[in-house]
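Report on one structure; see the data block that follows.
Predicted model, so just to flag it, every value in this text is computed and none were measured. Residue numbering restarts at 1 for every chain, and letters A, B, ... go by the order of the sequence lines.
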Amino acid sequence: MTLDKTFDPKQIEDKHYGAMEKSGAFAAKPQSNNAPYTVMMPPPNVTGSLHMGHALNMTIQDILTRYNRMNGKDALWQPGTDHAGIATQMVVERQLDSEGLHRRDLGREKFLERVWQWKAESGGTIVNQLKKLGATPDWERERFTMDEGLSKAVTKVFVQLHKEGLIYRDKRLVNWDPHFQTSISDLEVEQKEQKGKMWHIRYPVEGAEAEYITVATTRPETMLGDTAVAVHPEDERYTHMIGKNVVLPITGRIIPIVADEYSDPEKGSGAVKITPAHDFNDFEVGKRHNLPMINVFDTQARIVKDNGSIPDAYHGLDRFKAREMILRELEELDALMEVEDIKNALPYGDRSGVIIEPFLTDQWYVDAKTMAGPAIEAVEQGKTRFIPKNWENTYFEWMRNIQPWCISRQLWWGHQIPAWYDEDGTVYVAENVEEAQKQAGSDAKLTRDEDVLDTWFSSALWPFSTLGWPDTDNVDIKVALDKYYPGDVLVTGFDIIFFWVARMMMMGIHFMGDVPFKDVYIHALVRDSKGQKMSKSKGNVMDPLELIDKYGADALRFTLTAMAAQGRDIKLAEERVDGYKKFATKLWNASRYCEMNNCIPQAGFSPDNLQYTPNIWIVSALVDAKGAIEKAVEEYKFNEAANAIYQFVWGTFCDWYLEFTKPLLQEEGADAATTAEIRATTGWALEQIYVLLNPFMPFITEELSEAMCADKGQLLMQGAWPQYSEKLSNKDAASKMDWLIAVVSEIRSVRADMNVPAGAKIQLLVKGASDVTRESFADYEEIIKRMARIENIAHTDMAPKGAIQTIVDEATLILPIADIIDLDAERERLKKRISKLEDDINKINQQLGNQAFVANAPEEILEEKKTLLIEAETAREKFSAALEQLEAA
RNA sequence: GGGCGGUUAGCUCAGUGGUAGAGCACUUGCUCGACACGCAAGGGGUCGCAGGUUCAAUCCCCGCACCGCCCACCA
C-alpha cells in the first residue's frame with residue numbers, strides 16, 4: 001500500500017477507532033492471569049459534552065491504559081456516566097419550560113419518565129466524543145450511576161450506614177437553593193465577592209425612653225426573624241443592658257439582649273442581631289441561649305405568610321423586595337442610622353447561580369467526621385498517595401475540618417432515599433418497602449421519603465459499585481472485585497478532591513476494607529492562553545472537538561500531554577496544537593520516505609549484530625528514548641514522556657539518522673551489505689517509533705503501522721510494548737555519532753558564516769589532536785565519506801595552504817576553501833571565536849585560582865573544569881594561529 | 001484571616017547546587033526526488049527584588065513585591 005502525499009487526520013480517525021473497538025482490544029480480561037491495571041474513569045455528567053478538562057483527563061488515562069495494556073497488563077479502564085442530579089433535572093425542566101410546563105404539572109413519575117427519555121436520546125453524546133478523542137475504556141462495562149446495579153449498591157450503603165449510626169436525620173441550617181428549592185452541600189456553594197451595603201439599625205430598649213442599641217447588618221430583611229441581640233459579656237458599653245429586652249422595629253416583637261462571646265466588640269457597634277433560622281453563626285448562638293428559631297422565608301425565599309408577627313404587607317414578598325421595603329420603613333421610623341458601602345462575599349449556588357439562603361430544615365446527614373478518620377490514616381500511611389504530593393495537604397486540611405455531609409436533596413432525579421415514615425412520623429430505613437413494613441408493623445401506613453440523594457453519594461461508590469458490588473454471590477463479580485479493587489490510579493482534577501476523591505476514600509475503606517486506589521494523579525486545570533479559566537460567559541472556551549476537527553485528535557492529545565507538567569495549570573495556546581499537528585505530518589512524511597526507499601520492517605530482523613555505526617547508534621538512541629518514556633510515564637511526568645518521543649522522532653531519527661543514511665541509499669554502487677543493513681534498521685526503528693508513540697498518538701501510529709508493517713494493527717494488543725536487551729544501548733556508537741554531529745554542525749556553521757556559495761564543494765581533512773581521537777578516525781572518515789554528498793564535502797588527505805581551520809572537540813577540521821570565501825568574514829569569525837574562548841578561559845582560571853574551590857569541589861567537577869580549560873586553550877591557540885596566517889596573507 | 005502555587009528568551013513553558021533549555025515568534029539562506037505542516041544557519045536571558053547558607057545559588061533558607069488558586073470569615 002502506498003501512502004498518500006499528505007496526512008489528513010479526518011480520513012483515518014473514525015476508521016481506526018471503529019476497527020479497534022470491534023476487535024475487543026479495549027476489553028478487560030478478568031479470567032486472564034495477567035496482572036491487572038485498573039483505572040476508574042471519573043464519570044462525566046450525562047448532560048455533559050466534552051470540554052478541555054475532560055480532554056486532558058481522558059488523554060492521560062488513555063495513555064496510562066494503553067501503555068500498561070501494551071506492557072502486558074490486563075487493563076481495565078472502567079467507563080460510565082453520572083446521572084448528575086441537579087444538572088440533569090435542570091436540563092429537562094428547561095425543556096418542559098419551553099413547552100409551558102412545570103415538573104409539578106407532570107408529577108414525579110411522569111417527570112422521571114421524561115428524564116429517562118431525555119437520557120436515552122441525548123445521554124450518549126459524551127461517550128461518542130470520548131471515542132473521537134481515541135479513548136479506549138472497556139465500553140462493554142459502561143455503567144450509569146442510576147442503573148439497576150449501582151442503585152442497589154446505593155441503597156445497601158445507605159441502609160448499612162444508617163444502621164451503624166453514620167447516617168442520621170437532623171434539623172439544622174442547610175444551604176438552601178431557592179431556585180431549585182433544595183438543600184445543597186457546603187461544597188456546592190460558591191462565595192463571590194461584590195459590592196454591598198451595611199445598614200446600621202437601632203433597636204429601642206424596652207421600657208427605657210430614648211435608649212437604643214445599634215446593630216449592623218448586610219441583611220436587614222432577616223430582622224423579621226431576629227430573636228435576640230448579642231453583646232460581648234465584657235463589653236462595658238453594654239454590660240448594663242444584658243438581660244434587658246429590645247423592641248424589634250416593624251414587628252414589635254420583644255427580644256432579649258444576651259451576652260455571647262460570638263459578638264466582637266471591635267466590629268460594627270459591638271452589638272449583633274441574632275437570627276438563628278437564617279445565619280449559621282446565629283444558629284449556634286441561638287442554640288446556646290435556647291432562643292426561638294423563627295423562620296421568615298418559604299422555600300423560594302419569599303416572606304412567609306403564617307408568622308404571627310410579620311405585618312401582612314410583607315407576606316409573600318421576595319427577599320430582596322422585602323429588604324427594600326424594610327429599609328424604607330426603618331427610615332420612616334428613624335431607625336436607620338447609617339448606610340455603609342462595603343465589599344462582601346455572598347454565597348451562590350454553583351448550579352443555579354442564585355444567592356443561597358441558610359434555611360432551617362430536616363435533612364439526612366453522613367457523619368463525615370467519623371468516616372474521615374480511616375481515610376486520613378490511609379493517606380498518612382501511604383496506602384494512597386497523591387501525585388503531586390502537595391495535594392495531600394489540601395486533602396488533610398479539608399478532611400480534618402470536615403463538616404457533616406448533607407446528602408438529601410429535594411429533587412426528583414436521583415436515588416430516592418430508602419426511608420419510610422408512618423403516620424406518627426417515625427422513620428424506617430430499609431432496602432425496600434416490605435422490609436420497612438416489617439419494621440413498622442403491618443398496620444402502619446407508610447409513605448416514602450420524597451427526597452433523593454446527593455449525586456456524589458453514588459459517585460462515592462463508583463470504584464466498587466461499577467464492578468458489581470454488592471452481588472458477591474455472583475462468581476464473575478467476585479472475580480472482578482478481587483482482581484480490580486483497589487484500582488491502580490485515579491486521574492482527576494483538583495477541583496473534585498473534596499467532592500469525589502475524599503468521599504470515595506471514605507466509602508471504599510468502609511465497605512471494601514481497603515483504599516479505592518493506590519495513586520491519585522491530580523492534573524492541572526486547563527486555562528486559556530492568558531491563564532484565565534475557560535468559561536462560556538468569558539467566551540474564551542476552546543472546544544476540544546473543534547480542535548480535533550481542525551488538527552486531529554492525535555495533535556490535541558499530544559499537546560495536552562506535552563503541557564501536562566505537574567503542579568501547574570495549563571495555559572493552552574492553539575499554536576501549540578498546530579505545532580504538534582506538524583509533528584504528526586513529519587512522522588507521516590518520514591514514513592513515506594521510508595516506504596519510497598524500501599526501508600520497511602522486515603521479518604526476522606534483529607538489531608543485535610549491526611556493523612554500520614549509524615545503525616548501532618540509532619538503535620541505541622531508540623533504546624534510550626524508550627527508557628526515558630517509561631520512566632516518565634511511570635512517574636506521571638507526561639510532558640517529559642512526550643518530549644522524549646518528540647525529540648527522538650524529529651531531532652534524532654529524521655534530522656540525523658535519515659539524513660546520514662540517505663546519500664548511501666541513493667548512491668549507485670554503494671556497498672550492498674551496508675545499504676541492506678540500513679534499510680532493515682530503518683524499517684525496524686520506524687516500527688518501534690509507532691509502538692512507542694502509540695499511547696500518545698494512537699490514530700496516526702495505527703494507520704502507519706497498518707500501512708507499513710507486516711503484523712498489522714497489533715499495537716493495541718497486550719504485550720505490544722517492546723523489550724530490548726540492555727546491550728543495545730551502545731555508548732561507544734553514541735559518542736562517535738555525537739562527535740560526527742558536532743563536526744557536521746561546525747561545517748554547516750562555517751559554510752554559512754563564510755558565505756560559501758551554495759554549489760561550492762569544500763574539502764575536509766580531519767586531524768586528531770590526541771592519539772585517542774586519531775585512533776578512531778578510521779571509523780569517522782568512513783562515515784564522513786558516506787555522508788559527503790549531502791554536505792557537499794570532498795575528503796582530502798592533505799591540508800593546502802590558506803585552509804580554514806576549525807576545532808571540534810579534540811579534532812581539527814581543515815577546510816581548504818580559502819579561494820571561495822570572504823576573507824573579511826573569516827577574520828570576523830575568528831575574532832569572535834577567540835574572544836569567546838578567552839572569556840571562558842578567564843572564567844575557569846578564576847575558579848581554579850580559588851583555593852577554597854580547589855579544596856572543596858568534588859573531584860569530577862575539578863577534572864571537568866581542567867579539561868574544559870585545556871580544550872579552550874588549545875582551541876584559542878589554533879584560532880589565533882589561523883588568524884595570524886590570515887593577516888599575513 | 002489560613003493555606004498552596006507561580007515569577008526563567010518577545011509569547012507559552014521545561015529544567016538544574018558547578019558551561020541556562022524547548023516549541024512558537026523573529027533574522028538570513030534554501031522549492032536539492034519524504035516533508036515549505038519543510039531544511040539549514042543565527043539573534044535574543046543579571047533565571048521577580050533584597051538578604052543568608054556554600055568554595056560555588058536561577059536552584060537551598062529568610063524576607064519583600066506582584067500574579068493566580070483553594071479554604072474560612074465578613075455585624
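- Using a 4.0 Å cut-off between charged side-chain N and carboxylate O, A:Arg288 and A:Glu261 make no salt bridge.
- For the C1' atoms, the distance linking B:rU19 with B:rU58 amounts to 14 Å, nearest Å.
- Among the heavy atoms of the strands, none lies under 4.0 Å from A:Phe280.
- Between the CG atom of A:Leu848 and the C1' atom of B:rG18 there is a distance of 12 Å, given to the nearest Å.
- Within 4.0 Å of A:Asp655, counting heavy atoms only, lie sugar-phosphate atoms of the nucleic acid but no base atom.
- Atom name P, nucleotides B:rG23 and B:rG42: the rounded distance is 14 Å, in whole Å.
- Nearest-nucleotide mapping onto RNA chain B: of A:Glu640 and A:Asp840, the residue sitting toward the 5' end is A:Glu640.
- On the P atoms, B:rG45 is 40 Å away from B:rG2, given to the nearest whole Å.
- Of the C1' atoms belonging to B:rG17 and B:rU53, the separation is 12 Å, rounded to the nearest Å.
- Salt bridge A:Asp839/A:Lys843: absent, no basic N to carboxylate O contact under 4.0 Å.
- Of the nucleotides present, B:rG38 is the one that pairs with B:rC30 by Watson-Crick or G-U wobble criteria, both distances under 3.5 Å.
- Using a 4.0 Å heavy-atom cutoff across all strands shown, A:Ala271 reaches at least one base atom of the nucleic acid.
- In this structure, A:Ala855 reaches neither bases nor backbone, as no heavy-atom distance under 4.0 Å exists between it and the strands shown.
- Within 4.0 Å of A:Lys865, counting heavy atoms only, lie sugar-phosphate atoms of the nucleic acid but no base atom.
- On the P atoms, B:rG18 is 43 Å away from B:rA34, given to the nearest whole Å.
- Among the heavy atoms of the strands lying under 4.0 Å from A:Trp650 are primed sugar atoms or P, OP1, OP2 only; no base atom is included.
- Here the C1' atom of nucleotide B:rG6 and the CZ atom of A:Phe494 are 13 Å apart, to the nearest Å.
- Taking atom CG of residue A:Asn597 and atom C1' of nucleotide B:rG33, one finds them 9 Å apart after rounding to whole Å.
- Remark: aromatic rings of A:Tyr551 and A:Tyr580 are distant, center separation not under 6.0 Å.
- Closest to the side chain of A:Glu659, out of B:rC74, B:rA34, B:rC55, is B:rA34.
- Where A:Ala345 and A:Thr585 each meet RNA chain B at their nearest nucleotide, the meeting point lying more 5' is that of A:Thr585.
- Among the protein residues, A:Gln847 comes within range of no part of the nucleic acid, since none of its heavy atoms lies under 4.0 Å from any strand.
- A salt bridge does not link A:Glu595 with A:Arg592: every distance from a Lys NZ or Arg NE/NH1/NH2 to an Asp or Glu carboxylate oxygen is 4.0 Å or more.
- Nucleotides B:rA56 and B:rG63 have their P atoms positioned 23 Å apart, rounded to a whole Å.
- The side chain of A:Phe498 lies closest to B:rC71, out of B:rC55, B:rA34, B:rC71.
- Nucleic acid contact class of A:Thr394 (heavy atoms, under 4.0 Å, all strands): none.
- Put simply, CZ on A:Arg592 is 6 Å from C1' on B:rA34, counting in whole angstrom units.
- A donor-acceptor pair under 3.5 Å is absent between the side-chain atoms of A:Thr217 and the main chain of A:Trp199, judged by distance alone.
- For A:Glu338 (side chain) and A:His200 (main-chain N/O), no donor-acceptor pair under 3.5 Å exists by modelled atom type.
- Residue contacts for A:Leu868: at a heavy-atom cut-off of 4.0 Å it reaches a base atom on one of the strands shown.
- With distances taken from any side-chain atom of A:Asn850 to the nucleotides B:rA34, B:rC55, B:rU12, the minimum falls on B:rC55.
- Regarding contacts with the backbone of B:rC74, a side-chain N or O of A:Tyr262 is found under 4.0 angstrom from either OP1 or OP2.
- Rounding to whole angstrom units, CD of residue A:Gln647 and P of B:rC13 are separated by 20 Å.
- In this model, no donor atom of one side chain and acceptor atom of the other lie less than 3.5 Å apart for A:Thr394 and A:Glu397.
- A gap of 4 Å separates the C1' atoms of B:rC47 and B:rU8, to the nearest Å.
- When distances run from any side-chain atom of A:Glu864 to the nucleotides B:rC70, B:rC73, B:rU19, the shortest one goes to B:rU19.
- A donor and an acceptor atom never sit less than 3.5 Å apart when one is taken from the side chain of A:Gln846 and the other from the base of B:rA56.
- In this structure, the nucleotide among B:rC69, B:rC71, B:rG38 sitting nearest to the side chain of A:Lys582 is B:rG38.
- Rounding to whole angstrom units, NZ of residue A:Lys662 and P of B:rA34 are separated by 5 Å.
- For A:Tyr646, taking side-chain heavy atoms from C-beta onward, the closest of the listed nucleotides B:rA34, B:rC73, B:rG23 is B:rG23.
- With hydrogens and angles ignored, no donor-acceptor pair under 3.5 angstrom links the side chain of A:Lys586 to the base of B:rC37.
- A 3.5 Å limit on both hydrogen-bonding distances identifies B:rC4 as the Watson-Crick or G-U partner of B:rG68.
- For the P atoms, the distance from B:rC64 to B:rA22 is 36 Å, rounded to whole Å.
- Rounded to whole angstrom, the span from the CG atom of A:Asn401 across to the P atom of B:rG2 amounts to 15 Å.
- Aromatic rings from A:Phe638 and A:Tyr521 are positioned such that their centres are separated by under 6.0 Å.
- Distance A:Tyr657 OH to B:rC39 P: 19 Å, rounded to the nearest Å.
- For A:Asn589 and B:rA34, the shortest distance from a side-chain N or O to OP1 or OP2 is not below 4.0 Å.
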